[in-house]
There are 2 protein chains.
Amino acid sequence: MVFVWYCGGMEQNRPVISRRNRPAKPPLTREGIVAKGLEILAAEGLSGLSLRRVATALDTGPASLYVYLPNLGALHAEMLDAALSAVTAPAVGPWRERLKAVLWRYMMVLIERPGLAPLALGTLASGPNSLRIWEMLLGLLQEGGVDAKSAAWGVDLLILYVTAIAAEQSLRSGGDLGPVEAALAQLSPTVYPLIFAARALLLSGGEERGHWALNVIIDGLVGPPDPGRTA
Amino acid sequence: MVFVWYCGGMEQNRPVISRRNRPAKPPLTREGIVAKGLEILAAEGLSGLSLRRVATALDTGPASLYVYLPNLGALHAEMLDAALSAVTAPAVGPWRERLKAVLWRYMMVLIERPGLAPLALGTLASGPNSLRIWEMLLGLLQEGGVDAKSAAWGVDLLILYVTAIAAEQSLRSGGDLGPVEAALAQLSPTVYPLIFAARALLLSGGEERGHWALNVIIDGLVGPPDPGRTA
DNA sequence: ACCTGAACACCGTTCAAGT
DNA sequence: ACCTGAACACCGTTCAAGT
């Protein structure tokens with residue numbers, strides 16, 4: 001009994017909670033550690049997330065987390081899977097639209113939480129939500145008549161692709177674009193005429209660019225939506 | 001004169017080199033630091049690469065590297081760009097084949113050096129070789145009749161995509177696939193019937209899978225190679 | 001049994017002090 | 001002017017020792 005333990009030796013019988021003027025330290029759980037990790041990630045980004053930081057926030061030492069997690073990678077994997085619980089499929093609509101909606105949602109979940117996309121790039125997800133999404137995507141591709149091999153390899157590819165786009169997007173929205181902008185600004189129009197001509201387009205496009213990219217991969221995997229397009 | 005400095009106070013006039021039985025410490029240069037970084041990356045992977053490790057290998061302290069590089073990220077960027085010097089375009093052939101060849105070469109450069117692919121995922125490349133490859137790819141897409149916006153966004157996408165595939169490949173070839181294989185092995189066929197049915201295919205495919213993935217993205221971007229495919 | 005303090009072996013980066 | 005020793009403020013992980 002943690003409560004009694006903390007009360008031990010005290011003279012009054014008022015609850016410890018009000019005496020100390022803050023809630024008693026809650027017991028450590030795997031879920032609590034993961035939730036705190038996501039909290040810190042949202043507040044401070046990937047570089048601010050460390051086992052020690054999480055431990056401090058939970059009012060304990062770093063060694064205590066190893067009772068619940070084998071290493072930092074496992075924490076990352078659990079955080080990613082927890083965040084992916086928000087990825088759901090629309091119930092109705094053409095399969096192609098539902099496929100796009102799932103991938104878009106996946107991308108948005110990674111983009112909305114700062115730091116989650118770069119974390120996802122370095123993490124092999126195999127938790128329940130990842131599996132659920134894999135099952136969903138396999139079903140949608142199958143519904144679209146994609147053959148078994150293309151579907152299996154395709155799901156892997158789609159998730160990889162969406163994760164990479166999200167990670168790049170978060171590079172773009174962070175201030176880390178400086179070197180690229182600098183390189184583009186002082187670019188020689190004679191040495192690199194094509195890049196020079198395209199320099200405005202290269203940096204353009206926000207949400208539209210994400211939709212465009214998603215359509216490119218889906219077109220490649222299952223063919224264009226309506227008749228055929230001119231090659 | 002470093003040489004004289006090291007000779008100072010010695011009685012004999014035999015060269016220091018043979019006296020010490022190893023070459024005199026060469027002066028630090030940016031290129032030397034980058035080359036040593038690539039050497040360490042090849043030998044020990046990304047986790048073995050650190051500024052301190054490079055400094056030690058160059059027989060100096062970590063602070064000395066800051067005379068030539070502003071930070072670790074800059075070292076990563078220079079290493080990536082140096083490795084990309086091996087990416088060249090075939091002189092002849094249909095533009096689609098040349099495009100594929102460049103992307104394949106890019107992917108292979110990242111895959112062949114252990115650790116370079118994950119390094120590339122977290123690095124914004126803007127060195128001369130990156131620019132050269134951008135220029136090359138823009139030219140090839142233009143030759144294929146791709147419109148300006150699709151070409152600009154497409155080059156970004158192609159490089160991102162190829163980098164991500166390489167990074168995943170190096171996860172696959174490393175021993176890090178364990179958790180995924182374990183999850184697949186003890187998968188419930190009733191909860192996840194589609195994944196269960198596809199479990200062999202999911203892990204299959206080596207080089208063939210890379211070629212397939214490259215064709216998917218090119219098809220999506222520029223359309224299928226010959227007539228049209230059935231949607 | 002469950003938890004953790006303290007240590008180990010590292011990091012990137014800075015800056016005052018060296019030659 | 002160019003270089004660097006030593007320090008600063010961190011890491012992930014382990015394990016003997018605590019209750």
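Note on naming: letters A, B, ... go to the chains in the order of the sequence lines (proteins, then strands), and numbering restarts at 1 for each one.
B:Arg113 places no side-chain N or O within 3.5 Å of a backbone atom of B:Leu110 that could act as its donor or acceptor partner. Under a 3.5 Å cut-off, the side chain of B:Glu135 and the backbone N or O of A:Ile195 do form a donor-acceptor pair. The main-chain N or O of A:Ala125 is never found under 3.5 Å from a side-chain atom of A:Thr123 such that the two would form a donor-acceptor pair. Proximity of a side-chain donor or acceptor of B:Trp153 to a complementary backbone N or O of A:Leu201 within less than 3.5 Å is detected.
Computed from coordinates, the B:Leu65 CG to D:dC2 P distance equals 17 Å when rounded to whole Å. The distance between atom CD of B:Glu44 and atom P of C:dC10, rounded to the nearest whole Å, is 11 Å. We find that CG of A:Leu46 is positioned 13 Å from C1' of D:dC11, with the value rounded to whole Å. Rounded to whole Å, atom P of C:dT14 lies 13 Å from atom CG of B:Leu69. In this structure, B:Leu58 atom CG and D:dC3 atom P are separated by 13 Å, rounded to whole Å. Rounding to whole angstrom units, CG of residue A:Asn71 and P of D:dC11 are separated by 17 Å. Following rounding to the nearest Å, B:Leu75 (CG) and C:dC11 (P) show an atom-to-atom distance of 13 Å. Computed from coordinates, the A:Tyr68 OH to C:dA1 P distance equals 16 Å when rounded to whole Å.
In this structure, the nucleotide among C:dT4, D:dT13, C:dT13 sitting nearest to the side chain of A:Leu28 is C:dT4. The side chain of A:Leu51 sits closest to D:dT13 out of D:dT4, D:dT13, C:dG12. The side chain of B:Ala63 sits closest to C:dT14 out of C:dA6, C:dT13, C:dT14. Ranking D:dA6, C:dC11, D:dT13 by closeness to the B:Arg52 side chain, first place goes to C:dC11.
Nearest heavy atoms, A:His76 versus A:Leu46: NE2-CD1, 4.4 Å.
Considering only side-chain N and O atoms, A:Tyr66 lies nowhere under 4.0 angstrom from the phosphate OP1 or OP2 of C:dT4. Phosphate contact (OP1/OP2 of D:dC3, side-chain N/O of B:Ser64, threshold under 4.0 Å): absent.
Taking atom C1' on both nucleotides, D:dC8 is separated from C:dC10 by 15 Å, rounded to a whole Å.
We find that B:Glu208 and A:Lys149 are joined by a salt bridge, their nearest charged nitrogen and carboxylate oxygen being less than 4.0 Å apart.
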Can you give me the dot-bracket string for DNA chain D, 5' to 3', counting Watson-Crick and G-U wobble pairs with both distances under 3.5 Å, using [ ] for crossing pairs and | for partners on another strand? ||.|||||...|||||.||
Carefully, step by step, assess B:Asn129 and B:Arg132 under the rule side chain to side chain contact (heavy atoms under 4.5 Å, CB included). CA-CA 5 Å; B:Asn129 280 304; B:Arg132 183 178 56 78; 3.0 Å; yes
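Closest-nucleotide positions on DNA chain D for A:Ser47 and A:Pro70 were compared, and the one nearer the 5' end corresponds to A:Ser47.
Across all strands, B:Ser50 comes closer than 4.0 Å only to sugar-phosphate atoms, never to a base (heavy-atom distances).
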